Each structure stands twice: as C-alpha cells, then as structure tokens.
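Below is one structure; the comments refer to it alone.
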There are 2 protein chains.
Amino acid sequence: MDPQEEIPLALRAAYLMLHRQSDAAFAPYGVTADQFVLMARLSEGGAMTQKELANRMPSDPSTVRAMLVLLEGRGLVRRERHPTDGRARMAALTKVGRRKFGQLWKAGDSIRGRAVAEMSSDDACKLVQLLKQFTESLDPNSVVPETVTEGWRQK
Amino acid sequence: MDPQEEIPLALRAAYLMLHRQSDAAFAPYGVTADQFVLMARLSEGGAMTQKELANRMPSDPSTVRAMLVLLEGRGLVRRERHPTDGRARMAALTKVGRRKFGQLWKAGDSIRGRAVAEMSSDDACKLVQLLKQFTESLDPNSVVPETVTEGWRQK
DNA sequence: TCAAAGTAATGCGTACACGCACTAAGATAA
DNA sequence: TTATCTTAGTGCGTGTACGCATTACTTTGA
C-alpha cells in the first residue's frame, strides 16, 4: 500500500492507542494523560507563563487555561500574576503537584517500557527522528532554509 | 535524550500537528479531520455496522455514533437497520457523501504531499512500520505468539 | 425451550482540542 | 504623550475521545 496514504492512519492509530493506555494507567491517580503531559512540562521547566506552557505541550492556550483551572482547583498547580508583565500569569506545580507527578512518572514506566520492549534502540531513535521530521514538514511556521531568498525570518 | 521518553512526546506533537493542518484543509468544505477519516473508512469498505466502523477508525463506538448522527443530519451518511441482526445498524455514505469525499480527498493531497516531500520512500515505509509496531506493542488485545504456551487465543 | 451469557447501540458525563471574538496590558512610533 | 500595534489571557461554541450504565436483541447451553 502507498505509505503516503498510510502514514496519517498509522499515526492516528498509534497516538490514540498511547492516549487510551496512558489514561488507563493514570486513572487510579485521578489524572488524565494530557494532564500528565502538562505536569511533565511544568516539572521540567519550573514556573512559566501559560503561553510558554502552551508552546511546550504543544496545545492551544485556551485548552491549557482550562486544564490549569481544573488542576488548580485540585491543588496540583498554582497560578500567580507575572511580576513585571501585567498580562501574563505564571503557572507552576505545587508541592502536592510535584509529589503526585513523581507517582505518575512511575506509573507511566510500564507503558514506556512496553512501547519500546520489542524495538531496538536504533529503531526508537529513528522513530523519534522521523516523527520530528514529519511534524516539521507540516508546520507552516517552520522555515525551510533553502527557500529563504529574502532577509525575513520567523521571529 | 532518552528516546524511550521522547517517543510519546514526538508522537503527540506529530499527531496534533497533522490534526490541526487537516482540520484547516477541510474546513472550507465544512468537514473535520475526523469526519474525513470516518468517510474514508466508509468509502473503502462500503456499508458496515457501526461496530465495524469503530474498529476500523479506530474509535470508540459511542464517538462513532455521535459523528454518524451529525453527518446523517447533513445528508452525508445514511443509517439503516441491519437486515438480519436487529441490534445492529448499517452505516454508508450517501451519494452526496461520496461526492463530498471526492473533493476532500483532493483537498487533502497537499497535506499528504507536504508530509512526505522531504522524506525518502524508504523512510516513509519505515515510519509506517515502526508506528504499527508501536501500536501493536501497546495493544493489550494483541497476542505475542512466542508467549502463547497454552491453547488460548484472543477470539 | 428457556434462562444465561454475550453483543450492538444508545445516553450521559467529563475532559481535550480547537477557533474566534474580546479585554487588558505592554511595546512602538509619530 | 498619544494613537497604533502587538500580545497574554479569557469566555464561548462545536466537535472528538472516552468510560460507564442501560436497553434491546442474538447466541449459547443445560
């Protein structure tokens, strides 16, 4: 079959499978797969603006806000005004949030393990590289160097 | 970086990028990326039960139902009772649906083209193979032949 | 034959993923 | 300084992805 037509389907199937299994793995902790991703970003980056968090997820700012409001209500996340920029809000994990994330990370181990158990290390790297290339080639904000004939750049 | 931790993130980023770009490409036709997937399955498989359609998407039966109800209201899809099984319903594209799908397929060409433009044919195949392997290894319903020591099988 | 087990669809509730319009605040330029 | 532009966040509406409980029908087995 033509791989060009099959990539989107295989990608969709893989992502949804991962999402379902992750949701199931985190459900005992009362957390969803996407909430885990958000907490992972906050955990590795410390306090950051909602905009920055949305860029790193990656997700839509309005989606991120809804998730933060929800997690704030559960005491896992803290939102404070930015010290100098009156528009922005800084989001960060609370102490409880950090502890919860530690548990989640361990709970997620089995999934990450299963996913690459039958895959060579080389193949795993190759998969990451191809996925990044795929994402990049679809990103309208990515600049293809060779085609830049004038002096403009995405900021 | 450890590819084991990076695969889920790269997969998520790639899928969401594909989904956003597809939604944008199909929006002028009043159809979403997921509705396109559903229509593609009906287009290639003809009439089938909702259960069968859900398996092929792959998606949850209740999600598929909601989408079918919506598309039926727009005249793109038809739902009739199964001739012999009183529980089941057969879903199929209407004539209008088939025509719409033809337009969508062409509209999606640019995305499929962009996605593999900078990717060798070998890499595209490799990507599909790795994604399928990933999906399979996470699927609790998949049976790993070597580990089957007793006579049982998933039906 | 008739009760028990299994299956397809439905309805409901929650969470995500967006786009869009809007507000408020910072940045820039005349 | 003031008018303009840009940017961060918010609120709202629609569609998708589930899980779970329920209903209606089919299949199986005693």
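What you are looking at is a predicted structure, and each value in this text was computed from that prediction instead of being measured. Lettering follows sequence order; numbering is per chain, from 1.
At the phosphate of D:dT16, OP1 or OP2 sits under 4.0 Å from a side-chain N or O atom of B:Gln35. A sub-4.0 Å separation between OP1 or OP2 of D:dT10 and a side-chain N or O of A:Arg65 is present. In this structure, B:Arg89 does not reach the C:dT7 phosphate: none of its side-chain N or O atoms is under 4.0 Å from OP1 or OP2. OP1 or OP2 of C:dC16 lies within a sub-4.0 Å distance of a side-chain N or O belonging to A:Thr32. Between B:Arg20 and C:dA17, a side-chain N or O to OP1/OP2 separation shorter than 4.0 Å is absent.
Atom CZ in B:Arg89 sits 4.5 Å away from atom CZ in B:Arg79 (nearest 0.5 Å). Here OG1 of B:Thr135 is found 10.5 Å from CD of A:Gln21. Values are rounded to the nearest 0.5 Å. Taking NZ of A:Lys100 as the reference point, atom CG of A:Leu76 lies at 6.0 Å (rounded to 0.5 Å).
Between the side chain of B:Asp23 and the backbone N or O of B:Ala33 there is at least one donor-acceptor pair closer than 3.5 Å. Using a distance-only test at 3.5 Å, with no hydrogens or angles considered, a donor-acceptor pair links the side chain of A:Gln133 to the main chain of B:Glu118. Looking at B:Ser59, its side chain never comes within 3.5 Å of a backbone N or O of B:Val64 through a donor-acceptor pair. In this structure, the side chain of B:Arg41 engages the main chain of B:Arg56 through a donor-acceptor pair within 3.5 Å. B:Glu52 places no side-chain N or O within donor-acceptor distance of the main-chain N or O of B:Thr49, the cut-off being under 3.5 Å.
Taking atom NE2 on B:His82 and atom C1' on D:dC25, their separation rounds to 13 Å, with Å as the unit. Put simply, NE2 on A:His19 is 8 Å from P on C:dC16, counting in whole angstrom units. In this structure, the CG atom of A:Asp34 is 9 Å from the C1' atom of C:dA17, given to the nearest Å. Protein atom CZ of B:Arg87 is 4 Å distant from nucleotide atom C1' of D:dT26, rounded to whole Å. Computed from coordinates, the A:Phe26 CZ to C:dT14 C1' distance equals 18 Å when rounded to whole Å. The distance between atom OH of A:Tyr15 and atom P of C:dC16, rounded to the nearest whole Å, is 10 Å. In this entry the distance linking CG of B:Leu18 with P of C:dA17 reads 15 Å, nearest Å.
If you check residues 50-61 of chain A against DNA chain D, the residues with a heavy atom closer than 4.0 Å are A:Gln50, A:Lys51, listed by number. Within residues 66-81 of chain B, the residues having any heavy atom closer than 4.0 Å to DNA chain D are, in order of number, B:Met67, B:Leu70, B:Arg74.
Residue contacts shown for A:Ser22 are absent, as no nucleic acid heavy atom lies under 4.0 Å away.
Mapping A:Ala33 and A:Thr84 onto DNA chain C by nearest heavy atom places A:Ala33 closer to the 5' end of the strand.
Comment: B:Arg20 does not engage A:Asp60 in a salt bridge, judged by the lack of any side-chain N to carboxylate O separation of less than 4.0 angstrom. Using a 4.0 Å cut-off between a side-chain N of Lys or Arg and a carboxylate O of Asp or Glu, B:Lys106 and B:Asp109 do not qualify as a salt bridge.
Listed nucleotides: D:dC18, C:dC18, C:dG26. Nearest to the side chain of A:Leu16: D:dC18. For B:Ser62, counting side-chain heavy atoms from C-beta on, the closest listed nucleotide (C:dG11, C:dG26, D:dA17) is C:dG11.
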